[in-house]
Asker: 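Pasting a structure here, questions to come.
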Protein chains: 2
Amino acid sequence: MSWAENVLKDLSAHGHRVTAPRRAILDRIMQYSQPFSAEQLFRDLGGETGPIGRATIYRTVDLLVEDGWLSRVHWSATKETHAASEHAYVPVEQGHQHHMICRKCGTVISFEGCDIETLLGGLARRLNFKIEGHWLEVYGLCQVCQRAE
Amino acid sequence: MSWAENVLKDLSAHGHRVTAPRRAILDRIMQYSQPFSAEQLFRDLGGETGPIGRATIYRTVDLLVEDGWLSRVHWSATKETHAASEHAYVPVEQGHQHHMICRKCGTVISFEGCDIETLLGGLARRLNFKIEGHWLEVYGLCQVCQRAE
DNA sequence: GTTGGTGCAAACGCTTTGCACTTGG
DNA sequence: CCAAGTGCAAAGCGTTTGCACCAAC
């Protein structure tokens, strides 16, 4: 059961429709080995002359983020200038996940089961801060790029 | 020695000039108890009719981020739509810091000495991933807002 | 047949840029 | 002095929106 299939199933389960544009978008997302942006997705699906409108891409990406099938990361392939820097996304199986992102090739390794709240628990207790969630992202070099350096 | 004073000293130490607009910007930043955006800073300093141009604000913010005196966070006061969502910043003493941000009032608590790399060390070793840096941000409720709920 | 989805194009809003003017050291 | 900094206005560009049309269920 691929990620795209899971998403499609979940979409119809939530009363959403399974349309051709959505299929195409999901298929394209699965081919990325790096974080991707909405704009990039638009280009890769044919851009201005392609069959899928820009609005549809953005709307679908938003939908997927809302339903927990895409996760936003801060990594950006294009050295962010950051004039309206593109937001980047990574497909995830649903649930709490974090990412290790290779600064060179952009490969993403997802992992769960982080113990950060435990780690910060003492600090939070001392400060009387009630932790409700957190954002963690790790940067570095993947195995392949380490060798290449 | 206030944050603004430290920044000014650092600026001239790096061959930058201490100008009236920069003083005004630093002073205003110190008054925030929440993450702020460049646009907000612009408005608070008088906006279109004020003495400081928008470009100066953006250039100064960038400068401060580069020199490590401002840190970008993901929290946003305005429910991010995220059409060109404003980037938010927090003043920091230089060095590696993380933030706990209250989801209600936006109060920021900075802390250092996180042991995340230690925590993730085992995982990274197993995956042959070489950690070079990380981004961590914690969300929740500060002491005051907990009581208010 | 409904109504959710789509495409188009225009609008939006944050951010950047070019250029002539000002000012700090 | 003169290079760094500033202000202005225009341009950039990712993202959103209004609306008429289309197609999934």
Side-chain angles (χ1 to χ4, degrees), chain A residues 7-26 35-67 70 72 74 76-89, chain B residues 7-26 35-67 70 72 74 76-89:
Chain A
V7 176
L8 288 176
K9 202 171 62 176
D10 184 60
L11 280 182
S12 37
H14 281 68
H16 292 296
R17 291 181 184 170
V18 174
T19 64
R22 286 183 176 164
R23 284 183 192 283
I25 291 171
L26 294 177
F36 61 90
S37 67
E39 205 61 23
Q40 186 179 347
L41 206 38
F42 177 60
R43 283 192 302 270
D44 292 344
L45 286 165
E48 306 291 355
T49 62
I52 304 181
R54 185 180 259 109
T56 299
I57 309 273
Y58 280 92
R59 285 190 278 235
T60 301
V61 166
D62 281 353
L63 180 63
L64 295 177
V65 169
E66 267 165 40
D67 289 356
L70 283 184
R72 195 141 134 216
H74 301 132
S76 76
T78 58
K79 289 306 169 210
E80 87 183 277
T81 160
H82 51 195
S85 49
E86 302 177 349
H87 294 138
Y89 304 87
Chain B
V7 176
L8 288 176
K9 203 172 59 175
D10 185 60
L11 279 182
S12 35
H14 282 67
H16 291 296
R17 291 183 184 167
V18 175
T19 65
R22 285 183 179 167
R23 282 184 194 283
I25 291 171
L26 294 177
F36 61 90
S37 67
E39 205 60 24
Q40 187 178 347
L41 205 37
F42 177 61
R43 284 192 300 270
D44 292 345
L45 286 165
E48 306 291 353
T49 62
I52 304 181
R54 185 181 259 109
T56 298
I57 310 270
Y58 279 92
R59 285 189 278 235
T60 301
V61 167
D62 281 353
L63 181 63
L64 295 176
V65 170
E66 267 165 38
D67 289 358
L70 283 184
R72 195 140 134 217
H74 301 131
S76 77
T78 58
K79 290 306 168 209
E80 88 183 277
T81 158
H82 49 193
S85 49
E86 302 178 352
H87 294 139
Y89 303 88

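Here is the naming used below: chain letters follow the sequence lines, and residue numbers restart at 1 for every chain.
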Asker: Taking the nucleotide of DNA chain C with the closest heavy atom to each, which residue, B/R17 or B/E39, is nearer the 5' end?
Answerer: B/E39
Asker: Please state whether the rings of B/H87 and B/Y89 are parallel, tilted or perpendicular, taking 30° and 60° as the class boundaries.
Answerer: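 B/H87 vs B/Y89 ring planes: perpendicular.
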Asker: How close or far is atom C1' of D/dA24 from atom CG of A/L11, stated in whole angstroms?
Answerer: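 Going from A/L11 (CG) to D/dA24 (C1'), I get 13 Å.
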Asker: Hey, which sits more toward the 5' end of DNA chain C by its nearest nucleotide, A/R59 or B/R43?
Answerer: A/R59
Asker: Between C/dG24 atom C1' and B/H14 atom NE2, what is the distance in whole Å?
Answerer: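 One finds 19 Å between C1' of C/dG24 and NE2 of B/H14, rounded.
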Asker: Nearest whole angstrom, please: distance from the P of C/dG13 to the CZ of B/F42.
Answerer: 15 Å
Asker: Please state whether the phosphate of D/dG14, meaning OP1 or OP2, lies under 4.0 angstrom from any side-chain nitrogen or oxygen of A/H87.
Answerer: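 No, no such contact exists.
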Asker: For A/L45 and A/A24, which heavy atoms make the closest approach, and how far apart are they?
Answerer: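 Closest pair (atom of A/L45, atom of A/A24, distance): CD2-O, 3.9 Å.
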Asker: Specify the separation, in whole Å, of atom CZ of B/R54 and atom C1' of C/dC14.
Answerer: 8 Å
Asker: Would you mind reading off the distance between B/I25 atom CD1 and D/dG5 atom C1', rounded to a whole angstrom?
Answerer: 11 Å
Asker: Classify B/R22 by what it touches in the nucleic acid, base, sugar-phosphate, or nothing, heavy-atom distance under 4.0 Å.
Answerer: sugar-phosphate
Asker: Has B/T19 got a side-chain N or O lying under 4.0 Å from the OP1 or OP2 atom of D/dT6?
Answerer: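 True: B/T19 side-chain N/O within range (under 4.0 Å) of D/dT6 OP1/OP2.
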Asker: Taking the side chain as every heavy atom from C-beta outward, state whether A/F42 and A/V61 have any atom pair closer than 4.5 Å.
Answerer: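 No, their side chains stay 4.5 Å or more apart.
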Asker: Return the value, rounded to whole Å, for the distance between atom CZ of A/R72 and atom P of D/dG14.
Answerer: 15 Å
Asker: Could you work out which one of C/dA9, C/dT15, D/dG14 sits closest to the side chain of A/A55?
Answerer: C/dA9
Asker: Are side-chain heavy atoms of A/L11 and A/D67 found at a separation under 4.5 Å?
Answerer: yes
Asker: Tell me if a side-chain donor or acceptor on A/R22 pairs with a main-chain N or O of A/R17 at a distance below 3.5 Å.
Answerer: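 Yes: the side chain of A/R22 pairs with the backbone of A/R17.
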Asker: In this structure, how many angstroms lie between the P atom of D/dT15 and the CD1 atom of A/I57, rounded?
Answerer: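 Atom CD1 in A/I57 sits about 12 Å away from atom P in D/dT15.
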Asker: If you assign A/V18 and B/H16 each to the DNA chain D nucleotide with the nearest heavy atom, which residue ends up on the more 5' nucleotide?
Answerer: B/H16
Asker: Can you check whether A/Y58 has a side-chain N or O nearer than 4.0 Å to OP1 or OP2 of D/dT15?
Answerer: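 So the side chain of A/Y58 is within the cut-off, an N or O lying under 4.0 Å from OP1 or OP2 of D/dT15.
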Asker: Figure out the CD/P separation between B/E48 and D/dC8, and round it to whole Å.
Answerer: 9 Å
